[in-house]
A.B. asks: 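Structure in structure tokens, see below.
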Amino acid sequence: MVKSKILLAIVIALIVGGCGKMDSSPEEETEKTPAEMDPVDLPQIDAFQSEHSRELMVSTEPVAEGFYLMRSKIDAFTIWFPEEAVFMYNASGVDGDHYEKMRFAYESEEENRGYLVDFQYNYSGYAERPDWILDNLRKRWDYEEDWKEVEDEHGLTYYGYTIEDLEGYQSYIIMGYKVSSKEAPQGMEFLYIASCVDKDVESCQIDLAEEEEYLLQWVKSIEFSGTRGDGGETDDE
């Protein structure tokens, strides 16, 4: 009887041990970020092929048709990156953990359309007084209309547009400021300039309504993190 109990215990131990081995699996490899991947294996667009923007890309999976997710260099916000755009790293940069500028550009001779857009993130300072930034934009572009307002889950955006003659080109300018919905004083100033690539061609037509819709989709994608670049919480400051 004692031997039977011992044998039974051994059998149970072997079964349990065997099941444990069957349930366990090799440690899964951590998914690589775009910056860690071979550019050959990445989408063949500037967002991933440029070393300057590749390090900021979150995933190779699009977040919406034609857009990929990009994280700011100081980790203060995320923003969508249009697949057709080029990241202008020479005109982009950071200052500590409270300021970051991003510039994107696009130009198509086939569409006879191009745009240049600046996004400037601020923490504290100007971010606490969006009226200062809006007043500055108003004076810079002689904007006299009331600001339009549009709200999304990440903040409230004030914006307006005007038409200017820049270097012989009729340009459509959309400007504004997005205030974070978080308690932290964070905001994003933006300036979008759209124009024809060749103004002398008959197809030189810019649809302001379409440009406005396109930019607002982009601005609405901006999600503030509520933290400084070093990871410190800002919500209570």
A.B. asks: If a pair satisfies ring-ring contact (aromatic ring centres under 6.0 Å, His included) and one of its residues is in residues 173-192, list it, with sequence neighbours excluded.
C.D. replies: Tyr115-Tyr192
A.B. asks: Measure the spacing between CG of Leu216 and CD1 of Ile174 and express it to the nearest 0.5 Å.
C.D. replies: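 Answer rounded to 0.5 Å: 7.0 Å.
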A.B. asks: So, do Phe81 and Phe104 have ring centers that fall under 6.0 Å from each other?
C.D. replies: yes
A.B. asks: Listed by chain and number, what are the side-chain contact (heavy atoms from CB on, under 4.5 Å) partners of Glu107, not counting sequence neighbours?
C.D. replies: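 Result, side-chain contact (heavy atoms from CB on, under 4.5 Å) vs Glu107: Val197.
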A.B. asks: Could you pull out all residues at least two apart from Asp38 that satisfy side-chain contact (heavy atoms from CB on, under 4.5 Å)?
C.D. replies: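 Val40, Asp41.
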A.B. asks: Name all residues meeting the side-chain contact (heavy atoms from CB on, under 4.5 Å) criterion together with Asp95; count only those two or more places apart in sequence or in a different chain, and write none if there are none.
C.D. replies: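 In terms of side-chain contact (heavy atoms from CB on, under 4.5 Å), with neighbours along the sequence ignored, Asp95 is linked to His98, Tyr99.
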A.B. asks: Any donor and acceptor pair, going by atom type alone, linking the side chain of Glu164 with main-chain N or O of Ile173 inside 3.5 Å?
C.D. replies: no
A.B. asks: Using a 3.5 Å distance criterion without hydrogens, assess whether the side chain of Lys101 forms a donor-acceptor pair with backbone atoms of Tyr121.
C.D. replies: no
A.B. asks: Does Arg54 reach the side chain of Pro39, with side-chain heavy atoms less than 4.5 Å apart?
C.D. replies: yes
A.B. asks: Sequence neighbours left out, what pairs pass ring-ring contact (aromatic ring centres under 6.0 Å, His included) with at least one residue falling in residues 33-74?
C.D. replies: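 Those involving residues 33-74 are Phe48-Tyr68, His52-Tyr89, Phe67-Trp80.
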A.B. asks: Assess Arg113 against Tyr214: is NZ or CZ under 6.0 Å from the centre of the six-membered ring, and within 45 degrees of the ring's axis?
C.D. replies: yes
A.B. asks: Taking only Lys NZ, Arg NE, NH1 and NH2, and the carboxylate oxygens of Asp or Glu, determine whether Lys139 and Glu144 approach each other closer than 4.0 Å.
C.D. replies: no
A.B. asks: Among all residues two or more places apart in sequence or in another chain, which pass the ring pair (Phe, Tyr, Trp, His ring centres under 6.0 Å) test with Phe119?
C.D. replies: Trp218
